[in-house]
Amino acid sequence: MKKPAEFYQRDRRWHPPALTPDYKTSVARSPQFALISLENSPSEITGPVFGHGDIDPTDNDLVYNYAQGDQCAIGERIILHGRVVDENGNGVPATLVEIWQANAGGRYRHKKDTYLAPIDPNFGGCGRTLTDEDGYYYFRTVKPGAYPWRNWINSWRPAHIHLSIFGSGFAQRLITQCYFEGDPLIGQCAIVKSIPDPDARKQLIALMDLNATVPLDAIAYRFDIVLRGRRSTLFENRLEGN
Amino acid sequence: MQKLNYLKETPSQTAGPYVHIGLAPGAAGFDAYDRELGQDIAGPHAKGERIRVEGVVIDGTGSPIKDVLLETWQANAQGVFAHPEDGRPVEDGFRGWGRVITDFDTGEWGFETVKPGPSRARNGKIAAPHISLWIVARGINIGLNTRLYFEDEAEANKQDDVLNLIEWERRRTTLIARRSLRDGMPVYRFDIQLQGENETVFFDI
């Protein structure tokens, strides 16, 4: 009988390395010894399980989830949607997707952000949802603005949304960022370029999805997410050692 | 020629300095959700020893990292993971997963849980009690995985396949949390060094 076994090993050449000197903060925060490679054990193939009791159905609507009364967030209304699948192409159901972002002016609602663009009183900037049985997810939000950051003195982040995804095992845990098709800042960004392979960078660029837009309401962007896939045991089953 | 149609994993990007907005908005300075996730690791009914774990994550300059976020994953005191693939029940309310942020002024972090029991390892062996940690922050391009083991489990630690995989014995000690008592409660100290001769062992899991 086939049973799910270990996750495929992570392709570390596809991900950014720890040390990327053009992204200056990585210099003192990057381990210098080689990672020790572990075969998966139950500690890695298991991970937290979330349910609809953990979140509210409206948590995925950033246009309204922090708005006062009948007001709403300011900015270009967008839908961010897609599927969470694994490397085998199978949907990852009921997994938690959390997002956070700056407002339309490029300002975060965070006590440590001092950028001169104003806070939007009706925008918090965080959302969360569970994928459905096919791995599908969607958020409504406003398109975040670009903003300056202290790397070089004239460094600007392209518009982006941060995403945190769980999967079914702790080994699949992932945080990434989604960028938007056509943004000229993408090619200038030291954080984007921490990813060495240009094809891997392209995997983080959401495409405008006219078919999924809500006419007269919100433009859609499609962003599919791939988590690590798993082997099936064919002949042996030694992972749990029964 | 045929094609193998495997997809590529989405590349990681740093969690950035404002990770709290998404994962712990209360710390960012606002209440967006009725319930923040990861605040209660063990729940009220978990059996076993109640413990506190504390530490600081230190960068290559020797300074505490004040904007780091950690996630924890562990078995309960019987060594059972709250996950369908473990197949065994856990106490009502035991999740085994936590989300930990630092004091923005000092970089100190801490969480309370129950001490995990020995759990299943590979090949029918037993893993010494441990807590898996995942560390993200500005400047960390892909989350760092490590494990916390317990000073007072010296015999089990000696038998642990993961600890023994670390060729350099002196590096194994970077994964051992030091135990003390505070007001009768066991407190384990676990400082994490990102660089230097005492760099914590990080795993590619």
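Letters A, B, ... are given to chains in the order of the sequence lines, protein chains preceding strands, and every chain is numbered from 1.
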Worksheet item: So do the side chains of B/Asn145 and A/Glu44 get within less than 4.5 Å of each other, counting heavy atoms only?
Response: no
- Item | Side-chain heavy-atom pair A/Asp86, B/Tyr6 within 4.5 angstrom cut-off | no
The interface call for B/Ile58 against chain A, heavy-atom contacts under 4.5 Å, is neither
Okay, A/Ser194 and chain B: the region with an atom under 4.5 Å from a heavy atom over there is side chain
Exactly one of A/Lys111, A/Arg29, A/Lys112 clears salt bridge (Lys or Arg N to Asp or Glu O under 4.0 Å) with B/Asp67, and that residue is A/Arg29
When the 4.5 angstrom heavy-atom criterion is applied to B/Val19 and chain A, the contacting part is both
If one checks every heavy atom of A/Gln32 against chain B at 4.5 Å, the contacting part turns out to be both
Is there a side-chain contact between B/Glu167 and A/Ile36 in this structure, where contact means two heavy atoms from C-beta onward sitting under 4.5 Å apart?
no
Cut-off 4.5 Å, heavy atoms of chain A, and the answer for B/Ala82 is backbone
*May I ask you to test the B/Arg122-A/Glu39 pair for a side-chain heavy-atom distance under 4.5 Å?*
yes
Any side-chain heavy atom of A/Val49 within less than 4.5 Å of one from B/His83?
yes
Q. Does B/Phe203 reach the side chain of A/Ser37, with side-chain heavy atoms less than 4.5 Å apart?
A. no
Okay, A/Ala18 and chain B: the region with an atom under 4.5 Å from a heavy atom over there is backbone
Shortest non-hydrogen pair, B/Thr14 vs A/His162, comes out as O-ND1, 4.1 Å
Rounded to the nearest 0.5 Å, the CD1 atom of A/Ile175 sits from the CH2 atom of B/Trp134 at a distance of 3.5 Å
Please check if the distance between the ring centroids of B/Trp97 and A/Phe50 is under 6.0 Å. yes
- request: Show your working on salt bridge (charged side-chain N to carboxylate O under 4.0 Å, His left out) between B/Asp204 and A/Arg10 and close with a plain yes or no.
  value: CA-CA 8 Å; B/Asp204 184 9; A/Arg10 193 161 242 168; 5.9 Å; no
Electrostatic pair B/Arg35-A/Asp59, nearest N-O below 4.0 angstrom:
no
Cut-off 4.5 Å, heavy atoms of chain B, and the answer for A/Ile191 is both
Smallest heavy-atom separation, A/Ala200 atom then B/Pro11 atom, equals O-CG, 3.3 Å
Bottom line for A/Val27: the part with an atom under 4.5 Å from chain B's heavy atoms is backbone
Of A/Tyr66, A/Tyr108, A/Phe123, A/Trp100, the one forming a ring-ring contact (aromatic ring centres under 6.0 Å, His included) with B/Phe30 is A/Tyr66
Under 3.5 Å, is there a donor-acceptor pair linking the side chains of B/Glu9 and A/His15?
yes
So B/Ile205 and A/Phe7, do their side chains get closer than 4.5 Å, heavy atoms only? no
Rounded to the nearest 0.5 angstrom, the CG-CG distance for A/Asn90 and B/Leu7 is 9.5 Å
- request: Given salt bridge (charged side-chain N to carboxylate O under 4.0 Å, His left out), test B/Lys8 with A/Asp197 step by step and report yes or no.
  value: CA-CA 12 Å; B/Lys8 295 298 288 184; A/Asp197 188 324; over 6 Å; no
Rounded to the nearest 0.5 angstrom, the CD1-CG distance for B/Ile142 and A/Leu174 is 7.0 Å
Under 4.5 Å to a heavy atom of chain A? For B/Ala75 that would be neither
Interatomic distance, OG1@B/Thr10 vs CZ@A/Phe223, rounded to 0.5 Å, equals 6.0 Å
In this structure, CZ of B/Arg120 is separated from CD1 of A/Ile45 (nearest 0.5 Å) by 10.0 Å
Counting only heavy atoms not in A/Asp199, do more than 12 sit closer than 6.0 Å to its CG atom? yes
Here the pair of heavy atoms bringing A/Ser30 nearest to B/Gln195 is O-NE2, 2.8 Å
Smallest heavy-atom separation, B/Ser12 atom then A/Thr176 atom, equals C-OG1, 4.1 Å
Bottom line for A/Asp224: the part with an atom under 4.5 Å from chain B's heavy atoms is backbone
If one checks every heavy atom of A/Arg128 against chain B at 4.5 Å, the contacting part turns out to be both
Looking only at heavy atoms, the pair that brings A/Phe33 and B/Glu197 closest together is CE1-O, 4.5 Å
Under 4.5 Å to a heavy atom of chain A? For B/Arg138 that would be both
From the list B/Val201, B/Thr61, B/Leu37, the residue making the most non-hydrogen contacts under 4.5 Å with chain A is B/Leu37
Okay, A/Phe170 and chain B: the region with an atom under 4.5 Å from a heavy atom over there is both
One should read off an interatomic distance between B/Gln74 CD and A/Ser43 OG, to the nearest 0.5 angstrom, of 10.5 Å
If one checks every heavy atom of A/Leu96 against chain B at 4.5 Å, the contacting part turns out to be side chain
Tightest non-hydrogen contact, residues B/Asn141 and A/Ser26, listed as ND2-CB, 4.2 Å
